Amino acid sequence: MLEIEHHLRVLRDIPFFQSLAEDDLCTLAYLLQVKSFSRGAILFMEGEPGKSLYLLVEGLVKLSTLNEQGKEQILHYVHPGSIFAEVVLFDGGPYPATAEAAEDSRVGLLHNRDLETLILSRNELALGMLKIMSRRLRAAQLTIRDLALHDADRRLARLLLKLADRHGRQTARGLKLDTWITRQEMASIIGTTRETVARILSRYQKDGLLLIHKGNIYLQEDFLQVLDTRDDS
């Protein structure tokens, strides 16, 4: 019974499920499985049969795919309170990306076959799923636009600002990015090389726009002016 109460608390903290009636939440609580994954663990691989919808309880999950050159392309970072792998609910196909625990994480799983019955009887749940997928599609389109229209400087500046918005913490040295993200992962997200990212960061530091100290990045006040990134957000 304690486990079911815990599962109910987990579901109530996920915005996607907050419109459901208490009876429906109780039904899902009995179906929910919560598992722990260590940093670096693979939740599922691109191309594997898509069997479950996932929701992140704690931690951080990286979604990535391989491009035509066989290099990793980071698609999205999943934060607590979000669902992911929802696309397999509709087409029954394979997972379109690989999910990896970017830090120690706790993840909930709901099997497709269990969710399908509930979705068919709850219009608000189906509508909520479509809204989430629409937002993901819009984000993917913006990423494609950025890769096509903006140079690496602008793409990196936009990424740093997004990280600052989500992970920024004001310190005496500047706005610290409280995130472990590596230079290689930055390069993968913006579609360039690690060397290019390092070169741009070095130039930003030389220009006084940011400070790199013991591997941490601190944005300075003038960084908001870089390449007019605020106008492109």
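Just so it is clear, the structure is predicted and the values come from calculations on it, not from any experiment.
By the ring pair (Phe, Tyr, Trp, His ring centres under 6.0 Å) test, Y54 is found to be paired with F44, F84, residues two or more places apart in sequence or in another chain being considered.
Scanning both residues, A152 and I190, for their nearest heavy atoms gives O-CD1, 4.1 Å. Summarising the geometry of P94 relative to G47, their closest heavy-atom pair is CB-O, 3.4 Å, with the distance given to 0.1 Å. When all heavy atoms are compared, the tightest approach of A101 to S38 is CB-O, 3.4 Å. Closest non-hydrogen pair, A29 versus I4, comes out as O-CD1, 3.8 Å. Taking each heavy atom of L210 and I212 in turn, the nearest pair found is CD1-CG1, 3.7 Å. Pairing each heavy atom of V57 with each of P80, the nearest pair is O-CB, 3.6 Å.
Note that CG of D165 is 11.0 Å distant from CG of L177, once rounded to the nearest 0.5 Å. Taking OH from Y204 and CG from L156, the interatomic distance works out to 5.5 Å, rounded to the nearest 0.5 Å. Residue I74 holds its CD1 atom at 4.0 Å from OG of S188, rounded to the nearest 0.5 Å. In this structure, L75 CG and Q73 CD are separated by 6.5 Å, a value rounded to the nearest 0.5 Å. Put simply, CG on L56 and CD1 on I83 are 12.0 Å apart, with the number rounded to the nearest 0.5 Å. Taken from OG1 in T196 to CZ in R155, the straight-line distance is 9.5 Å, to the nearest 0.5 Å.
Between T98 and E46, the side chains place no donor N or O within less than 3.5 Å of an acceptor N or O (distance only, hydrogens not considered). Judged by distance alone, the side chains of E185 and T182 do bring a donor and an acceptor atom under 3.5 Å apart. Donor-acceptor pairing under 3.5 Å is recorded for the side chains of Q33 and H111.
No donor-acceptor pair under 3.5 Å is formed between the side chain of R183 and the backbone N or O of R194. A donor-acceptor pair under 3.5 Å is absent between the side-chain atoms of S105 and the main chain of V107, judged by distance alone. A donor-acceptor distance shorter than 3.5 angstrom exists from the side chain of N112 to the backbone of G50, with no hydrogens or angles considered.
Partner of D178 under the side-chain hydrogen bond (donor to acceptor under 3.5 Å, both in side chains) criterion, chosen from R166, H167, R169: R169. The side-chain contact (heavy atoms from CB on, under 4.5 Å) with K62 is formed by just one residue from the set E103, E72, H76; it is E72. Put simply, the residue from I14, L115, L8 that forms a side-chain contact (heavy atoms from CB on, under 4.5 Å) with L28 is L115.
In this structure, the side chains of V197 and M186 come closer than 4.5 Å at one or more pairs of heavy atoms. Residues K35 and L109 are in side-chain contact: their nearest non-hydrogen atoms beyond the backbone lie under 4.5 Å apart. A 4.5 Å side-chain heavy-atom check between V34 and H7 finds at least one atom pair inside the cut-off. At a threshold of 4.5 Å between non-hydrogen side-chain atoms, the residues M45 and Y95 do not count as touching. Counting heavy atoms from C-beta on, the side chains of I217 and L163 never come closer than 4.5 Å. Between L63 and Y77 there is no side-chain heavy-atom pair separated by less than 4.5 Å. Between L219 and L209 there is no side-chain heavy-atom pair separated by less than 4.5 Å.
Y218 and L201 sit in two unconnected hydrophobic clusters of ILVMFWY residues. Membership requires side-chain heavy atoms under 4.5 Å apart, directly or through other members. Put simply, I189 and L161 are part of the same group of oily side chains (I, L, V, M, F, W, Y) that touch within less than 4.5 Å, one to the next.
The 12-atom threshold is exceeded at CZ of R12, counting heavy atoms of other residues, nucleotides or ligands nearer than 6.0 Å.
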**OP:** I would like to know whether L211 and Q220 meet side-chain contact (heavy atoms from CB on, under 4.5 Å); could you show each step before the answer?
**Re:** CA-CA 7 Å; L211 170 67; Q220 307 303 297; 3.8 Å; yes
Subject >> Step-by-step side-chain contact (heavy atoms from CB on, under 4.5 Å) determination, H79 to L60 >> reply: CA-CA 5 Å; H79 295 268; L60 192 69; 3.4 Å; yes
Original post:
After noting the C-alpha distance and the side-chain angles of F37 and D104, does the key distance pass the side-chain contact (heavy atoms from CB on, under 4.5 Å) rule?
Top reply: CA-CA 6 Å; F37 294 87; D104 292 348; over 6 Å; no
